[in-house]
Amino acid sequence: MQSLKTTRQFSYVYKKGVKRHHEFFVLYCLPLEHLHREFLGAHASLLGLSVSKKVGNAVRRNLIKRRVRSIFQHVPLQCPQAIVFVAKAGVGQLDYATLRTHILQCLAQKKRIRTKVPK
C-alpha cells in the first residue's frame, strides 16, 4: 500500500471520500475509480495518516502510525482505495487488537467501501 504525500491529495480525499466517525479516529475512504486514479496518480491503494500532537509525544504518535500501517497492510480490500486515518486523542490507549477491531468495523459499516473482513 502506497501513501498519500501532498496536501492536495489529502484535501481531495477529504472532499470526495466517505467519512466514518469513531470515538478514537475518523476514516475518510475513497474508492479509486478511473477519475480519482488520474488525479491521485496511483493504481494501488493509498493510505494517509494524520496524527497530531494532541495524541501524545513523538514516540506515541509513531507507534500509532506503525500500528495503523500494519493493520491496513493486512486488510483485504476488494478494490483500490484512498484512505485517510485521522487520529483523535485517546487512540494511543488502545492496544493493537482493539484498534484493529475498531478499524475493521468502521470499514465494514460503510456501504460504499468494499472490504472483506477476515474472521
Side-chain angles (χ1 to χ4, degrees):
M1 181 173 278
Q2 300 173 351
S3 62
L4 293 171
K5 300 285 185 196
T6 65
T7 303
R8 188 173 161 199
Q9 290 176 328
F10 274 85
S11 297
Y12 188 80
V13 176
Y14 288 144
K15 289 178 187 174
K16 305 279 184 181
V18 177
K19 186 181 347 182
R20 182 68 186 135
H21 290 277
H22 189 272
E23 181 182 354
F24 299 111
F25 57 85
V26 179
L27 286 178
Y28 293 85
C29 300
L30 178 67
L32 289 179
E33 296 155 357
H34 181 69
L35 177 66
H36 306 307
R37 287 181 186 175
E38 292 292 323
F39 181 81
L40 295 172
H43 298 286
S45 293
L46 299 168
L47 177 63
L49 300 173
S50 176
V51 184
S52 72
K53 289 184 178 181
K54 293 178 186 177
V55 173
N57 63 11
V59 175
R60 175 68 61 186
R61 293 193 309 268
N62 288 332
L63 175 67
I64 293 165
K65 289 189 273 187
R66 285 194 308 270
R67 286 180 176 174
V68 172
R69 279 190 205 105
S70 175
I71 290 166
F72 278 104
Q73 280 180 341
H74 297 98
V75 171
L77 301 174
Q78 290 181 347
C79 68
Q81 298 180 37
I83 299 172
V84 176
F85 177 90
V86 181
K88 293 183 180 179
V91 72
Q93 306 304 320
L94 300 176
D95 63 357
Y96 179 86
T98 307
L99 180 61
R100 182 178 187 276
T101 302
H102 290 311
I103 288 174
L104 291 176
Q105 287 173 351
C106 282
L107 288 174
Q109 285 178 358
K110 276 298 183 184
K111 293 179 182 174
R112 286 184 53 195
I113 302 167
R114 297 174 225 135
T115 62
K116 296 178 188 173
V117 178
K119 294 182 180 181

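- Interatomic distance, Gln81 CD to Glu33 CD, rounded to the nearest 0.5 Å: 10.0 Å.
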Please output the side-chain donor-acceptor pairs of residues 21-28 that fall under 3.5 Å, not counting sequence neighbours, one pair per line with the distance.
unit_1, atom_1, unit_2, atom_2, d
His22, ND1, Phe24, N, 3.2
His22, NE2, His102, ND1, 3.2

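- With rounding to the nearest 0.5 Å, the separation of OH in Tyr14 from CG in Leu30 is 13.0 Å.
- A pairwise comparison of heavy atoms in Lys65 and Val51 identifies CG-CG2, 3.7 Å as the closest pair.
- Clustering ILVMFWY residues whenever any of their side-chain heavy atoms sit less than 4.5 angstrom apart, transitively, puts Leu49 in a cluster other than the one holding Leu63.
- For Ala82 against Val13, the heavy-atom pair with the smallest separation is CB-CG2, 3.7 Å.
- For Asn57, there are no side chain to side chain donor-acceptor pair (under 3.5 Å) partners at least two apart in sequence or on another chain.
- Residues satisfying the side chain to side chain donor-acceptor pair (under 3.5 Å) criterion with Thr6, sequence neighbours excluded, are absent altogether.
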Report the C-alpha distance between Tyr96 and Ser70 in whole Å, list the side-chain angles of each, state the deciding distance to 0.1 Å, and finish with yes or no for side-chain contact (heavy atoms from CB on, under 4.5 Å). CA-CA 10 Å; Tyr96 179 86; Ser70 175; 3.3 Å; yes
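- Here the CG atom belonging to Leu99 is positioned 4.0 Å from the CD1 atom belonging to Ile103, to the nearest 0.5 angstrom.
- In terms of heavy atoms, Arg67 sits closest to Leu94 at NH1-O, 2.8 Å.
- Annotation: side chain to side chain donor-acceptor pair (under 3.5 Å) contacts of Lys5 (sequence neighbours excluded): Ser3.
- Here CG of Leu77 is found 5.0 Å from CE of Met1. Values are rounded to the nearest 0.5 Å.
- Remark: Ser11 pairs with Thr7 by the side chain to side chain contact (heavy atoms under 4.5 Å, CB included) rule, at least two apart or across chains.
- Within the model, atoms CD of Gln73 and OG of Ser45 stand 12.0 Å from one another, a figure rounded to the nearest 0.5 Å.
- Among residues two or more places apart in sequence or in another chain, the side chain to side chain donor-acceptor pair (under 3.5 Å) test is passed with Thr101 by none.
- Smallest separation of non-hydrogen atoms from Leu32 and Ala44: CD1-O, 3.3 Å.
- Here the CZ-CD1 distance, from Phe85 to Ile64, works out to 7.5 Å after rounding to the nearest 0.5 Å.
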